[in-house]
Amino acid sequence: MTRAGESVGKAVGTGLKAAREGVVRAGHVAEVKLAERGITTDQVRGALVDRADQLMGKAEDWEKQTRKSRKRLAKKSAQTRADLMNRAEVVRKEVRKAAKHARKDAKVRAKELRKAAANFGAEAPKRRRWPWVLGLLIAAAAAGYVALTRQPEEVHLHEEEQAPHAEPVLNGQVPTQKEPAK
């Protein structure tokens, strides 16, 4: 196991060395090409620094702008939330008022309906009951007349003479009459 760690370390070391050498070679090639065009390395460094400064300034401006936007948005959302809560409270109060008024109107209407119903029953003519009583008396009289005028049919029942029954036999034995005790 310890040898595996050593071999990995060795491979990493040689890889880093090769990378450093490649960077140095690329730097020399870049200097030669820049020299052919008449640009020095200091000019390149200065251009890179200027460009980096510009990019950093733009990044800071962007951050400032987004910070301001976030603050504005937070302020606006807080204001909107407060407005919404106030409006909701106003609507709740209006609904309570409307409900209270509706209940009051319903009570008044119910009272008026009860009065109207009581007056309606009083104003209606009372029905007379004597025609019904008279009708029932006529029906009872007709039923009585029909019942009394019908002649009952005579039904003759024949009484048949019954044959004397033999005395019961118990387990093949005829019961004997007991003599009265003296």
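Here the structure is a predicted model, which is why all the values come from computation and not from measurement.
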Identified side chain to side chain contact (heavy atoms under 4.5 Å, CB included) counterpart of Arg72 within the set Lys68, Lys75, Arg70: Lys68
Partner residues of Glu112 under the salt bridge (Lys or Arg N to Asp or Glu O under 4.0 Å) criterion, sequence neighbours left out: none
Distance, nearest 0.5 Å, that separates CG of Leu55 from CG of Leu48: 10.5 Å
Nearest-0.5 Å distance, OG1 of residue Thr66 to CG of residue Leu73: 12.0 Å
Flag side-chain contact, heavy atom, 4.5 Å: Arg25 against Val29: no
Point-to-point distance, once rounded to the nearest 0.5 Å, from CG of Asp53 to CD of Glu60: 9.5 Å
Presence of salt bridge, Arg67 and Glu63, under 4.0 angstrom: yes
Working for salt bridge (Lys or Arg N to Asp or Glu O under 4.0 Å), residues Glu94 and Lys97: CA-CA 5 Å; Glu94 289 175 2; Lys97 257 187 210 176; over 6 Å; no
Distance, nearest 0.5 Å, that separates CG of Asp105 from NE2 of His101: 4.0 Å
Audit row: Arg87, Asp83, side chain to side chain contact (heavy atoms under 4.5 Å, CB included) steps and yes/no: CA-CA 6 Å; Arg87 183 66 185 142; Asp83 290 346; over 6 Å; no
Evaluation steps, side chain to side chain contact (heavy atoms under 4.5 Å, CB included), between Val32 and Glu36: CA-CA 6 Å; Val32 171; Glu36 288 175 0; 4.0 Å; yes
Under 3.5 Å: donor-acceptor pair, side chain of Gln43, backbone of Thr40: yes
Salt bridge present between Lys58 and Asp61 (N-O < 4.0 angstrom): no
Check against side chain to side chain contact (heavy atoms under 4.5 Å, CB included), Lys104 and Lys100: CA-CA 6 Å; Lys104 200 178 234 185; Lys100 186 176 180 181; 5.8 Å; no
